[in-house]
Amino acid sequence: MGHARIELRPGCLHVPGYLDREAQEALVADLRRIVEAAPFFTPRMPRTGRPFSVRMTNCGPLGWVSDAAGGYRYVATHPETGAPWPPMPALVLQAWRELAPAAAPAEACLVNHYLPQARMGLHRDEDEEDMTAPVVSLSLGDTAIFRIGGTGRRDPTFSIRLKSGDALVLGGQSRLAFHGVDRIVAGSSTLLAGWPPGGGRLNLTLRRVSRTESRP
DNA sequence: GAGTACCG
DNA sequence: TACG
């Protein structure tokens, strides 16, 4: 079955209700196993070491991490356990196939946990080598007030609500658009009542990192 | 500057 | 807006 695709700005697609409740619950169960193997860690700002309010982990061959000494980067292992990231669940691979059909396989799936008080400032995803592939985001749990602008820091912005099960695709002219999370609407979903502790919102961000050197 | 503090 |  198909879903409405709303183009919020060129290259930025909102797909409300992309995952039904059953798929959301199955994905949360997958994530619970992933977090057992790769616990949430607190990323820190480059240089200053200030902590993010969002906690993170990853699955797939590469994971996004940040700390004072190394800054933003992709690495193959968990920064605290040293173990390789767990594999991406089938539902995540399927979402990438459906929402980024022209792109090479995803290499990184960043898992963000937002407690109700957590926020994410305006930023661009620019740590990837391959900017031709879109960034795909899946929302689970409490609604996020999500802000999106243009490719320049001072470009006008607007906000939308990302609900549990929604997908968002940042590609084409929006691949380098500024975006962030203003706030979480506490208690807006029952999905995460059992896990993780504190409920809130889980966000999966799927990305291609390496340039594809497919020379057929 | 993917962060917070502090201003008017 | 200022600030690592």
Side-chain angles (χ1 to χ4, degrees), chain A residues 8-9 11-12 14 31 34-35 38-60 62-80 85 92 106-131 133-162 166-171 173-185 196 198 200-210:
Chain A
L8 300 171
R9 45 166 279 123
C12 177
H14 181 202
L31 291 171
I34 285 165
V35 170
F40 285 116
F41 61 92
T42 299
R44 291 179 176 274
M45 292 293 291
R47 294 193 288 278
T48 64
R50 287 188 181 278
F52 288 44
S53 57
V54 176
R55 307 243 298 157
M56 301 182 171
T57 188
N58 294 271
C59 56
L62 293 174
W64 189 89
V65 302
S66 179
D67 53 38
Y72 308 151
R73 64 203 189 276
Y74 284 94
V75 296
T77 58
H78 191 285
E80 293 171 1
W85 303 108
V92 168
E107 293 172 299
C109 175
L110 175 62
V111 181
N112 292 152
H113 181 214
Y114 292 78
L115 285 169
Q117 71 275 18
R119 300 177 292 103
M120 178 79 75
L122 266 194
H123 69 281
R124 311 196 292 187
D125 290 18
E126 57 185 355
D127 303 313
E128 301 76 25
E129 290 175 3
D130 183 354
M131 293 298 173
V135 172
V136 172
S137 153
L138 303 175
S139 294
L140 296 169
D142 283 344
T143 297
I145 310 295
F146 182 83
R147 182 161 296 278
I148 177 145
T151 54
R153 163 111 18 213
R154 310 198 46 173
D155 292 351
T157 65
F158 60 94
S159 75
I160 62 161
R161 296 162 72 90
L162 288 180
D166 289 5
L168 188 87
V169 182
L170 289 173
Q173 289 180 238
S174 290
R175 176 60 183 76
L176 288 171
F178 279 86
H179 59 281
V181 172
D182 290 347
R183 67 181 182 89
I184 301 299
V185 184
R201 171 178 188 252
L202 291 170
N203 179 63
L204 307 200
T205 307
L206 288 49
R207 304 184 183 101
R208 176 72 191 186
V209 178
S210 312

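Nothing here was measured: the structure is a model prediction, and the numbers come from that model. Scope of the values below: all heavy atoms of this structure, side chains included, with no hydrogens, waters or symmetry mates.
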Rounding to an integer number of Å, can you tell me how far F52(A) CZ sits from dT4(B) C1'? 13 Å
By nearest atom, which of the nucleotides dG4(C), dT4(B), dA2(B) is closest to the R207(A) side chain? dA2(B)
Should R119(A) be listed as having a side-chain N or O under 4.0 Å from OP1 or OP2 of dG3(B)? no
Is there a side-chain contact between E80(A) and P39(A) (heavy atoms, below 4.5 Å)? no
Y72(A) OH - dG4(C) P separation (whole Å): 16 Å
Separation of the P atoms in dT4(B) and dG8(B), to the nearest angstrom: 22 Å
R153(A) vs dA2(B): side-chain N/O to OP1/OP2 distance below 4.0 Å: yes
Dump the intermediate steps for side chain to side chain contact (heavy atoms under 4.5 Å, CB included) on V65(A) and H78(A), then the final yes or no. CA-CA 9 Å; V65(A) 302; H78(A) 191 285; over 6 Å; no
Residue matched to dA5(B) through Watson-Crick or wobble contacts both under 3.5 angstrom: dT1(C)
Checking side-chain polar atoms at under 3.5 Å, does R147(A) have a donor or acceptor matched by the opposite partner on T157(A)? yes
Looking at the side chain of H123(A), which of dA2(B), dG4(C), dT4(B) is the nearest nucleotide? dA2(B)
Length of the CZ-P vector between F178(A) and dG1(B), whole Å: 8 Å
Tell me: CG of D182(A) to C1' of dT4(B), nearest whole Å? 16 Å
Checking only heavy atoms, does the side chain of N112(A) share a donor-acceptor pair with the base of dA2(B) at less than 3.5 Å? no
How many whole angstroms separate atom CE of M45(A) from atom P of dG3(B)? 6 Å
Side-chain contact, heavy-atom cut-off 4.5 Å: F158(A) with L8(A)? yes
M120(A) CE to dG3(B) P, in whole Å, measures 6 Å
For atom CZ of R44(A) and atom C1' of dT4(B), their distance in whole Å: 14 Å
R73(A)/D67(A) under salt bridge (charged side-chain N to carboxylate O under 4.0 Å, His left out): CA gap, chis, key distance, verdict: CA-CA 9 Å; R73(A) 64 203 189 276; D67(A) 53 38; 3.0 Å; yes
Separation of W64(A) atom CH2 from dA2(B) atom P, in whole Å? 9 Å
